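Heads up: the structure comes next, in structure tokens.
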Amino acid sequence: MENENLSRQYAIRTVGLTKVYGKQITAVDNLNLSVTKGEIFSLLGPNGAGKTTTIKMLCCLTSPSSGRAAILGRDTVKDSASVKKLINLSPQETAVANHLSVSENLVLMGRVYGLDKQSAEMRATKLIKLMDLGERAKDPVRKLSGGMMRRTSIAMALISNPQVLFLDEPTQGLDPKSRKALWAIIQRLKGHKTILLTTHYLEEADFLADRLAIIDRGRLVAIGTSSELKQKLGGIQSMTLRTENLTREVYEKLKSAYPSISLSRQELVIKARKLVFDDVANILRSGGVRITWVSMHEPTLDDVYLDIIKRGSRDENA
Amino acid sequence: MKMLSLAGRNLKEIYRDPLTTSLGLGLPALLIFLFTSIGSNVPADLFTVDMLTPAVIVFSFSFVIMFSATLLVRDRHSAFLSRLLAAPLRSSDFIFAYVLPFIPFAILQILVCLIIGIFIGLSLTGAVLLSLLVMVPVALTCIGLGMILGSLFTENQVAGVGSVMIVIISLFSGAWMDLKMIGGVFRAVGYALPFAHAIDAARAIINGAAFADINSELIWVTTYMVISIIAGILAFRWKTRP
């Protein structure tokens with residue numbers, strides 16, 4: 001594994017990536033990831049799962065305890081200087097120069113990444129327009145709202161036109177309107193850049209990411225597209241029926257077919273990995289039960305995620 | 001150019017902060033006025049404008065420790081430094097960017113004190129200007145100390161430790177009291193540090209001493225400057241290593 005060739009066909013590739021703090025805290029444990037160019041890839045996980053540590057290793061901010069990582073084929077430890085020219089990062093905390101204006105912050109980052117003054121100013125102007133910051137471009141960022149600061153922070157990550165962009169919890173702390181606005185901006189980047197974003201907002205990962213990985217306690221527990229995860233890993237379908245004339249006999253018959261069933265005042269809730277309405281309806285009708293209302297609930301990423309995390313906790317306790 | 005851009009940003013952070021400018025520039029001016037007015041009522045040589053101006057300059061540099069430390073620690077804690085560390089910058093870019101902006105600030109402090117001193121009665125002679133050359137190593141020493149603090153401590157700790165340093169400089173630099181007259185531990189500690197040497201050297205030059213007469217003071221001050229800058233660089237690199 002140590003000698004494996006880290007191919008340039010991947011934008012991001014990790015092999016056995018591990019980070020241990022001190023002697024006991026394994027923040028990231030043997031992470032193997034491959035992100036193709038132009039993909040939006042999301043790292044999902046609860047707080048303390050190792051998402052930010054993973055990003056820090058990929059951005060050369062901390063070196064791995066073992067394993068390797070490469071950005072477009074360049075090793076993040078041995079070739080960090082080259083890697084840094086290819087990437088940019090919008091950290092979890094809003095990282096801006098407080099006494100500088102929006103445009104000054106952008107021009108600064110452009111210059112730091114080697115742009116000349118004119119190019120930096122031109123790009124800053126375009127990004128200010130893209131991020132809808134035009135009205136406040138000359139104001140010091142410390143006077144902006146949280147949402148605008150966050151948009152400034154992301155714009156600072158875009159000014160260098162990086163091939164690989166890291167967004168660490170980009171919408172954390174934003175109101176729903178600002179979050180949706182930022183999603184639209186990130187979506188526009190799809191195909192033009194490789195983006196690795198970490199989030200614990202499942203709908204964000206579901207909406208934005210081409211593929212996602214769930215990490216828990218530093219370990220990769222699931223990887224795939226949103227649909228793949230929902231199908232492969234479960235997600236539980238749920239059916240709610242309101243009935244008339246439900247008898248105990250019919251209920252017991254249903255329960256033998258679908259062990260995960262609950263009843264409250266003639267309202268049945270059935271949960272199973274695969275639910276077919278006709279099958280349920282046949283059992284009910286054969287017992288003379290009338291169905292007055294039905295609702296089907298497809299597994300969401302929330303269901304998959306919670307299921308996986310819960311399973312992980314159970315395994316750990318066992 | 002990257003380093004200059006970053007240094008430019010740091011300079012803006014300094015002069016756009018009203019507290020920094022008022023403490024760094026306003027307070028020394030106020031101190032000169034206050035102590036010379038004390039001196040006009042109390043017959044103490046220490047509070048004449050010739051003696052006071054170099055003392056206030058060195059004392060005002062103690063605030064540079066706080067300002068440089070605070071700038072660095074805020075960047076560390078705000079993730080702005082993480083952003084910069086992920087950028088294609090070299091260690092030297094960082095170090096110069098956090099050191100350079102405080103040099104014009106220190107020069108401005110010197111000029112403010114000088115102008116106020118002249119207004120009160122300081123004669124602008126070549127000696128006065130020469131004495132200011134002694135101040136440059138002291139300013140750099142304080143910048144280095146600021147880098148050490150900003151690299152190693154948290155924001156709250158910087159406030160505390162920085163205040164202690166200001167008190168130390170105040171007590172042991174000979175700015176407000178004659179260390180040679182007090183003697184004992186005060187004198188020993190004061191002359192183990194560079195600040196008393198800088199003030200003595202500047203005062204000696206103003207009173208007609210030749211530059212060659214202050215060699216030992218210059219050696220003390222320059223040695224501390226080199227040590228503190230190197231220590232500041234090492235502290236910064238240690239704390240920001242991947």
Side-chain angles (χ1 to χ4, degrees), chain A residues 19 52 55-64 71 76-77 79-101 104-117 120 140-142 149 152-154 156-157 159-160 162 164-166 168-169, chain B residues 1-24 67-68 70-98 100-102 105 150-151 154-155 236-242:
Chain A
K19 181 69 182 178
T52 298
I55 283 202
K56 280 184 176 174
M57 286 192 280
L58 294 172
C59 291
C60 315
L61 291 175
T62 188
S63 34
I71 306 293
T76 56
V77 173
D79 208 0
S80 59
S82 306
V83 167
K84 288 179 182 182
K85 289 177 188 168
L86 302 169
I87 65 168
N88 209 322
L89 163 70
S90 177
Q92 189 174 350
E93 300 87 3
T94 306
V96 293
N98 281 325
H99 284 99
L100 268 58
S101 66
E104 283 173 334
N105 266 283
L106 296 182
V107 171
L108 169 66
M109 287 312 292
R111 301 281 274 148
V112 159
Y113 275 84
L115 296 177
D116 60 77
K117 193 163 183 257
V141 287
R142 69 183 188 281
M149 269 201 213
T152 304
S153 184
I154 293 177
M156 287 164 76
I159 192 143
S160 62
V164 179
L165 178 63
F166 294 95
D168 195 358
E169 312 254 4
Chain B
M1 288 306 111
K2 295 176 187 182
M3 178 265 292
L4 285 177
S5 300
L6 192 53
R9 171 259 168 178
N10 290 343
L11 189 62
K12 285 175 189 166
E13 292 281 336
I14 296 166
Y15 74 72
R16 286 182 185 179
D17 180 11
L19 193 63
T20 304
T21 42
S22 55
L23 275 178
F67 300 149
S68 60
T70 304
L71 178 65
L72 186 52
V73 78
R74 277 189 191 155
D75 283 352
R76 277 176 53 216
H77 288 180
S78 74
F80 186 71
L81 192 61
S82 294
R83 162 161 256 156
L84 294 176
L85 288 167
L89 289 166
R90 296 166 299 189
S91 293
S92 54
D93 290 332
F94 282 103
I95 288 154
F96 281 116
Y98 281 96
L100 280 180
F102 287 100
F105 185 78
S151 299
T154 65
E155 207 165 336
F236 180 82
R237 289 176 83 160
W238 179 60
K239 271 296 188 173
T240 57
R241 73 192 190 287

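The sequence lines fix the lettering, A, B, ..., with proteins before strands; numbering per chain opens at 1. Small disclaimer: the values here were computed from a predicted structure and weren't measured.
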With a 4.5 angstrom heavy-atom cut-off, is it the side chain or the backbone of [X] that approaches chain B, or both, or neither?
{"X": "A:Ser160", "value": "neither"}
{"X": "A:Thr76", "value": "neither"}
{"X": "A:Met156", "value": "both"}
{"X": "A:Ser82", "value": "neither"}
{"X": "A:Gln92", "value": "neither"}

Looking at B:Arg16, B:Met3, B:Arg9, B:Lys2, which one has more heavy-atom pairs under 4.5 Å with chain A than the rest?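 Most heavy-atom pairs under 4.5 Å with chain A: B:Arg16.
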Give a yes or no on this: more than 12 heavy atoms of other residues, nucleotides or ligands lie within 6.0 Å of atom NZ of A:Lys85.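 Count not over threshold, so no.
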Where on B:Asp17 is there a heavy atom nearer than 4.5 Å to chain A: the side chain, the backbone, both, or neither?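 Both parts, backbone and side chain.
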Could you check whether any side-chain N or O of B:Ser78 sits under 3.5 Å from a backbone N or O of B:Arg74, counting only pairs where one atom can act as donor and the other as acceptor?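 At least one qualifying donor-acceptor pair exists.
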Between chain B and each of A:Leu108, A:Val107, A:Asn98, A:Asp116, count heavy-atom pairs under 4.5 Å; write down the option with the most.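 Highest number of heavy-atom pairs under 4.5 Å: A:Leu108.
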If you count heavy-atom pairs within less than 4.5 Å of chain B, which of A:Leu115, A:Asn105, A:Val112, A:Leu89 leads?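 Of the options given, most contacts go to A:Val112.
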Heavy atom to heavy atom, less than 4.5 Å: which residues from residues 82-89 of chain B reach chain A?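 Interface residues of residues 82-89 of chain B: B:Ser82, B:Arg83, B:Leu84, B:Leu85, B:Ala86, B:Ala87, B:Pro88, B:Leu89.
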